[in-house]
Protein chains: 2
Amino acid sequence: MRDGSATREKINQAALELFARKGVAETTTRDIAGGAGIAEGTIYRHYKSKDELVRSLFLSLYSEQGELLAVQIRDESGIKEQIAVMIQLFCRLFDENRPLFTFLLLTQHGQLERVPDGIVTPVGVIREAITCAQAAGQIRKGDPDLLAAMVLGVVVQPAVFSVYGRLKQPYQDFSAELVQAAWGVLGLS
Amino acid sequence: MRDGSATREKINQAALELFARKGVAETTTRDIAGGAGIAEGTIYRHYKSKDELVRSLFLSLYSEQGELLAVQIRDESGIKEQIAVMIQLFCRLFDENRPLFTFLLLTQHGQLERVPDGIVTPVGVIREAITCAQAAGQIRKGDPDLLAAMVLGVVVQPAVFSVYGRLKQPYQDFSAELVQAAWGVLGLS
DNA sequence: GTTATAGGTGAGCGATCAATCACTCTGGAC
DNA sequence: GTCCAGAGTGATTGATCGCTCACCTATAAC
């Protein structure tokens with residue numbers, strides 16, 4: 001039997017690029033098929049519906065990012081280093097694969113509410129690191145969900161503005177300042 | 001002549017509520033007409049197209065929020081107080097009109113790139129306050145666009161998570177912590 | 001009273017799009 | 001050599017949706 005996984009990957013790549021550039025609603029299944037160089041019907045050999053394609057893409061990419069972060073900070077013990085490492089990784093990945101993050105940013109609304117339990121998410125990883133640091137007395141008390149959301153916000157909102165051309169310098173130039181600000185959120189110098 | 005502004009307002013309200021709840025693409029002009037209690041054709045007496053309705057709604061609400069912030073901080077001289085006042089105002093408004101902010105959050109992608117010059121935006125107001133504070137030597141140097149984006153992120157990302165039920169406490173409970181974190185971003189104690 | 005104008009109506013049109021399905025092709029199993 | 005199943009195809013379809021337009025109504029100007 002021929003292996004269909006290469007075709008599935010072509011669909012994913014084309015969909016990601018188109019979703020990021022035109023938006024999900026504005027991208028038709030014909031567009032995706034055209035971009036992937038396959039027939040429209042083939043999409044439905046791999047996904048039940050367009051909606052399932054979107055959700056599957058979101059979940060796999062979202063959890064993939066979470067796992068990358070988790071692996072990266074595993075060997076760091078201090079929260080300061082963990083934050084710094086995560087932000088540097090994010091900056092690098094954002095620069096290397098802009099469509100991926102644009103897609104995640106613009107589909108988080110509508111997908112965020114149906115993230116199943118047991119998935120490693122970027123916020124979840126940050127939250128865990130913060131909880132550990134609190135237990136070790138490294139940072140002040142406070143709702144870890146809120147602290148994680150704020151740290152994420154410091155990193156993500158500039159990325160959004162960067163995507164829509166409202167920052168003059170490239171995003172990765174700001175790496176050091178983002179780390180500094182994230183520390184500030186947690187009350188670290 | 002009869003005045004159509006009341007009808008226009010009904011359209012705006014119904015559209016806002018539906019857009020926030022179902023998303024823009026998933027809301028049909030039929031839905032909007034039904035929600036507003038008017039005929040579908042009436043929408044087109046007030047807006048050239050659905051797209052124009054979305055853009056007009058976004059721009060008027062976005063600049064309205066910007067102007068509210070601008071007025072509120074006009075009499076505050078220190079950046080610490082300005083940040084605190086802005087965040088407290090945001091918390092209150094967010095609580096009072098959740099659909100408004102949900103709508104702004106989920107339409108910023110796709111609308112942000114076509115905000116005309118000369119509009120007072122929330123980021124713009126924060127940016128101005130930061131620039132003044134830098135000139136007065138109250139906070140450290142750094143790209144004011146980046147600093148403003150980070151401050152906004154600290155406030156907005158928790159709001160997103162709040163909307164999608166990923167925070168356990170009501171958003172406005174976090175007002176004090178948000179202020180603290182925003183100060184931290186700017187290097188204030 | 002006549003005319004003009006703006007606001008409101010809703011059946012219907014044209015276009016679009018997600019999804020289907022009958023069919024073909026390919027390559028291993030036997 | 002035959003059979004089978006998974007992979008791929010693309011014309012077709014049914015439904016939906018944005019938008020129009022011929023028509024109606026209410027008010028204002030004269």
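Protein chains get the first letters and strands the later ones, always in sequence-line order, with residue 1 at the start of each.
A salt bridge links B/Lys168 and A/Asp145; the closest N-O separation between the charged side-chain nitrogens and carboxylate oxygens is under 4.0 Å.
To the nearest angstrom, P of C/dG10 lies 17 Å from CD1 of B/Ile32. Distance A/Arg45 CZ to C/dC25 C1': 12 Å, rounded to the nearest Å. The distance between atom CZ of A/Arg8 and atom C1' of D/dG6, rounded to the nearest whole Å, is 14 Å. As a whole-Å value, the separation of A/Glu26 CD from D/dC17 C1' is 14 Å. Atom CD1 of A/Ile11 is separated from atom C1' of D/dA7 by 11 Å (rounded to the nearest Å). Atom OH in B/Tyr47 sits about 12 Å away from atom P in C/dG8, given to the nearest Å.
Within the 4.0 Å cut-off from OP1 or OP2 of D/dT9, at least one side-chain nitrogen or oxygen of A/Thr42 is found. Taking only side-chain nitrogens and oxygens, B/His46 never comes nearer than 4.0 Å to OP1 or OP2 of C/dA6.
B/Asp3 and B/Ser5 are linked by a side-chain donor-acceptor pair at a separation below 3.5 angstrom, with hydrogens and angles left out of the test. A side-chain donor from one of B/Glu40 and B/Thr29 sits under 3.5 Å from a side-chain acceptor of the other.
In this structure, B/His109 and A/His109 have tilted ring planes: the angle between them lies in the 30° to 60° band. Between B/Tyr171 and B/Phe90, the two ring planes are perpendicular [angle over 60°; tilted spans 30° to 60°].
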Between N or O atoms, less than 3.5 Å apart, protein on one side and nucleotides 18-20 of chain D on the other: list the pairs.
| from | atom 1 | to | atom 2 | distance (Å) |
| --- | --- | --- | --- | --- |
| D/dG18 | OP1 | B/Lys50 | NZ | 3.0 |
| D/dG18 | OP2 | B/Thr29 | N | 2.7 |
| D/dG18 | OP2 | B/Thr29 | OG1 | 2.9 |
| D/dG18 | O6 | B/Arg30 | NH2 | 3.1 |
| D/dC19 | OP2 | B/Tyr44 | OH | 3.0 |
| D/dC19 | OP2 | B/Lys50 | N | 2.7 |
| D/dC19 | N4 | B/Glu40 | OE1 | 3.2 |
| D/dC19 | N4 | B/Glu40 | OE2 | 2.9 |

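Separation of atoms OG1 (B/Thr42) and CD1 (B/Ile32) is listed at 12.5 Å; rounding is to 0.5 Å.
Contacts of A/Ile43 with the nucleic acid, taken as non-hydrogen atoms under 4.0 Å apart, are absent.
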